[in-house]
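Here's the structure we're looking at; comments come further down.
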Amino acid sequence: MCSLFRPVLLALLVLASGIPSASADDMGEYNRRSVERYLSLFQSLDRDGDRAVTWSETSGDLNFTPVFNDMDINRDGVVTAYELNRYVEQKFGLR
């Protein structure tokens, strides 16, 4: 039984050693997609093209509205492109 246990243990250790890098790659990909989603959403909500989204422009969007106040740094009811970029950089570590 001991001779069978060693190869199985070795195989598990080899497999487990690859898990952290896969997780880091997955997290990086998740962050990149999240940033792209917020940038695309911002552009679609910016109906007048002024590179800013007002509270009324969000119209209750279920993806943007919940984080609107987190993005609106100066609490003026407007999320500018600068504020959006700052938010995604802080939240996801990407520009």
Side-chain angles (χ1 to χ4, degrees):
M1 188 133 98
C2 187
S3 62
L4 180 63
F5 181 70
R6 248 183 237 160
V8 172
L9 181 60
L10 182 60
L12 289 173
L13 289 172
V14 169
L15 287 174
S17 68
I19 291 172
S21 64
S23 296
D25 291 344
D26 291 345
M27 186 57 132
E29 179 63 20
Y30 170 81
N31 287 344
R32 186 188 63 73
R33 284 193 318 250
S34 295
V35 169
E36 287 176 1
R37 183 173 51 93
Y38 277 116
L39 295 175
S40 176
L41 187 56
F42 181 86
Q43 289 174 344
S44 70
L45 292 172
D46 182 16
R47 293 182 181 97
D48 59 6
D50 63 351
R51 295 188 35 84
V53 173
T54 63
W55 180 258
S56 63
E57 282 178 315
T58 65
S59 299
D61 181 271
L62 295 178
N63 295 304
F64 203 85
T65 302
V67 294
F68 187 92
N69 288 330
D70 295 336
M71 292 181 191
D72 187 13
I73 299 167
N74 60 0
R75 302 291 188 245
D76 65 351
V78 177
V79 173
T80 64
Y82 169 79
E83 289 173 318
L84 172 69
N85 287 329
R86 184 171 179 259
Y87 173 80
V88 297
E89 186 175 349
Q90 288 179 345
K91 183 157 179 83
F92 303 106
L94 301 170
R95 290 181 167 212

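Remember, predicted model here, so these are calculated numbers, not experimental data.
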Subject >> Cluster link Val79 to Tyr82, ILVMFWY, side chain under 4.5 Å >> reply: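 Result: no, two separate clusters.
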**OP:** Examine Ile73 and Val67 and state if one hydrophobic cluster contains both, with Ile, Leu, Val, Met, Phe, Trp and Tyr joined whenever side-chain heavy atoms are less than 4.5 Å apart.
**Re:**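 No, because Ile73 and Val67 fall into different hydrophobic clusters, even though each may have its own neighbours under 4.5 Å.
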Test item: [X] side-chain N/O and [Y] main-chain N/O as donor-acceptor pair under 3.5 Å:
X     : Y     : answer
Thr54 : Glu57 : yes
Arg86 : Met71 : no
Thr65 : Leu62 : no

Subject >> Taking every non-hydrogen atom, the tightest pair across Val78 and Glu83 >> reply: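 Nearest heavy atoms, Val78 then Glu83: O-OE1, 2.8 Å.
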Original post:
Could you give the distance from NZ (Lys91) to CG (Asn31), rounded to the nearest 0.5 Å?
Top reply: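 Reported value, rounded in 0.5 Å steps: 9.0 Å.
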**OP:** List in chain and number order the residues that pass ring pair (Phe, Tyr, Trp, His ring centres under 6.0 Å) with Phe64, two or more places apart in sequence or in another chain; answer none if no residue qualifies.
**Re:**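 With neighbours one apart ignored, the set is empty.
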Without placing hydrogens or testing angles, list every side-chain donor-acceptor pair under 3.5 Å for residues 34-42, not counting sequence neighbours.
residue : atom : partner : partner atom : Å
Ser34   : OG   : Tyr30   : O            : 2.9
Glu36   : OE1  : Arg32   : NH1          : 3.2
Glu36   : OE2  : Arg32   : NH1          : 2.4

**OP:** Find out whether Phe68 and Asp61 are in side-chain contact, i.e. whether some heavy atom of one side chain is under 4.5 Å from a heavy atom of the other.
**Re:**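 They are not in side-chain contact.
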Subject >> Pairwise side-chain hydrogen bond (donor to acceptor under 3.5 Å, both in side chains) hits with a residue in residues 41-53, at least two apart >> reply: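 For residues 41-53: none.
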